[in-house]
Amino acid sequence: MERTIRVTGKGKLSLRPDQIRLLLELCDCRPAYDETIRLSAEHVEALKDTLAGLGFDRKDLKTTYYNVDSKYERYQARDKSWKNRFIGYECTHKLKLEFDADNELLGKVLYALAHSPVAPEFKIVYTVKDEEAAKNQLLARAVADSKEKARVLTEAAGVTLADMISIDYSWGEIDFSISPVNKLMDMSDACCVKESAAYDMDIEPDDIDVADTVTILWGIR
């Protein structure tokens, strides 16, 4: 019978964010379906116009979610029963804009959005550009960790570590992002505005700590 040892290795990385992912959301409700669709398209074009003025390509603003649904409100009728009343069609359009982690550029983008004809809700997320390279580095470290642990265990047990037999990896999603800003300053605060029409952003995001595991079956002799 072949003798084996199963060891789980863990890879860890601490990455410096080098990209900003700005998540925007437009939400509007109108009585007519056609009007809702038309206004949604106009609002997105207005956002693209605003960002184009900062040097972005119009294609840089990408849709991540789009939905139009009927919206109702609850009301109490004269007989005291509760009923639903149709309000209109609500359109939710979520978009993202990615650019280099640059506080000066971020300040210009936020100022432009805050003073654009459209007022989207937005969230600032810091991430890394090359996620695939980070994932590969994590896996390499996890395999090396499994091998080192297996070596220590086999030496302590008085046996010899042999070749790798199989690898078990779950391919789970890894979150390479951090959101250090929960609530932005009051965008109407004039003391935060430079003469160059930009907010003075002073954000130094923490490193992104990620980890992954791999389980390897080693032979021993």
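Hydrogens, waters and symmetry mates are skipped; everything else that's a heavy atom, side chains included, is used.
Residues Y111 and L113 are members of one and the same hydrophobic cluster, defined by side-chain heavy-atom contacts under 4.5 angstrom among Ile, Leu, Val, Met, Phe, Trp and Tyr. Residues L26 and Y66 fall into different hydrophobic clusters, defined by Ile, Leu, Val, Met, Phe, Trp and Tyr side chains chained together at heavy-atom separations under 4.5 Å. Criterion: ILVMFWY side-chain heavy atoms under 4.5 Å apart, direct or through other members. Under it, V68 and F86 are part of a common hydrophobic cluster. Residue L153 is not grouped with residue L217 when hydrophobic side chains (ILVMFWY) are merged at heavy-atom distances under 4.5 angstrom, including chains of intermediate members. Put simply, F122 and V125 are part of two different groups of oily side chains (I, L, V, M, F, W, Y) that touch within less than 4.5 Å, one to the next.
Across all their heavy atoms, P205 and P180 have their closest contact at CB-CG, 4.1 Å. Minimum interatomic distance between P117 and T50 (heavy atoms only, all atoms of both residues): CD-OG1, 4.4 Å. The nearest pair of heavy atoms linking V118 to H43 is CG2-O, 3.7 Å. Contact detail for R30 and L39: the closest heavy-atom pair is NE-CD1, 3.0 Å. Heavy atoms only, all atoms of each residue included: E73 and I87 are closest at CB-CD1, 3.4 Å. Closest approach of M201 and G107 over heavy atoms only: CG-CA, 3.5 Å.
Here the CD atom belonging to Q137 is positioned 10.5 Å from the CG atom belonging to D130, to the nearest 0.5 angstrom. Once rounded to the nearest 0.5 Å, the distance linking OG of S177 with CG of L23 reads 9.0 Å. Between L24 atom CG and K94 atom NZ the span is 12.0 Å, to the nearest 0.5 Å. Here CZ of R21 is found 5.5 Å from NZ of K96. Values are rounded to the nearest 0.5 Å. In this structure, R151 CZ and L161 CG are separated by 9.5 Å, a value rounded to the nearest 0.5 Å. Taking CG of D28 as the reference point, atom OG of S40 lies at 8.5 Å (rounded to 0.5 Å).
In this structure, H115 and Y199 have tilted ring planes: the angle between them lies in the 30° to 60° band.
Using a 4.0 Å cut-off between charged side-chain N and carboxylate O, R58 and E45 make a salt bridge. Salt bridge present: K149 and D145 bring a charged side-chain N and a carboxylate O closer than 4.0 Å.
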| field | I20/L105 under side-chain contact (heavy atoms from CB on, under 4.5 Å): CA gap, chis, key distance, verdict | value | CA-CA 10 Å; I20 291 175; L105 179 56; over 6 Å; no

| Candidate pair V210 and L138, rule side-chain contact (heavy atoms from CB on, under 4.5 Å), full reasoning | CA-CA 8 Å; V210 290; L138 269 179; 3.9 Å; yes

| said: Pair R74, N84 - check side-chain contact (heavy atoms from CB on, under 4.5 Å), show working. | reply: CA-CA 5 Å; R74 295 276 288 171; N84 290 327; 2.9 Å; yes

| request: Give the intermediate values and the outcome of side-chain contact (heavy atoms from CB on, under 4.5 Å) for residues L139 and K135. | output: CA-CA 6 Å; L139 285 177; K135 290 177 182 178; 5.7 Å; no

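D100 places no side-chain N or O within donor-acceptor distance of the main-chain N or O of D102, the cut-off being under 3.5 Å. Judged by distance alone, the side chain of K62 and the main-chain N or O of K59 form a donor-acceptor pair under 3.5 Å. At least one donor-acceptor pair under 3.5 Å links the side chain of S146 to the backbone N or O of V7. In this structure, T154 contributes its side chain and A150 its backbone to a donor-acceptor pair below 3.5 Å. N103 contributes a side-chain N or O that, together with a main-chain N or O of I203, makes up a donor-acceptor pair within less than 3.5 Å. Judged by distance alone, with hydrogens and angles left aside, the side-chain atoms of T127 form a donor-acceptor pair with the main-chain N or O of F176 at under 3.5 Å.
Residues V159 and I5 are not in side-chain contact: their nearest non-hydrogen atoms beyond the backbone lie 4.5 Å or more apart. Here the side chains of R141 and L13 are in contact, with some heavy-atom distance below 4.5 Å. Two residues are said to be in side-chain contact when any heavy atoms from C-beta on lie closer than 4.5 Å; F56 and V109 meet this criterion. The closest side-chain heavy-atom distance from T92 to D69 is not below 4.5 Å. Proximity of S70 to Y89: side-chain heavy atoms (C-beta onward) are separated by under 4.5 Å at one or more points. Looking only at side-chain heavy atoms (C-beta outward), Y65 and E25 stay at 4.5 Å or farther from each other. Contact check for W218 versus I165: no side-chain heavy atoms found under the 4.5 Å cut-off. A heavy-atom distance below 4.5 Å is not found between the side chains of I220 and T4.
Summarising the local packing, CZ of R16 is surrounded by 12 or fewer heavy atoms from other residues, nucleotides or ligands at distances under 6.0 Å. Other residues, nucleotides and ligands place more than 12 heavy atoms under 6.0 Å from the CZ atom of R38. Within 6.0 Å of CG on D202 lie no more than 12 heavy atoms contributed by other residues, nucleotides or ligands. The environment of CD in E121 is sparse: at most 12 heavy-atom neighbours from other residues, nucleotides or ligands sit within 6.0 Å.
When each of I208, D209, D206 is paired with S14, the side chain to side chain contact (heavy atoms under 4.5 Å, CB included) condition holds for D209 and for no other.
Counting only residues at least two apart or in different chains, side chain to side chain donor-acceptor pair (under 3.5 Å) contacts with residues 158-172 comprise Y169-D212.
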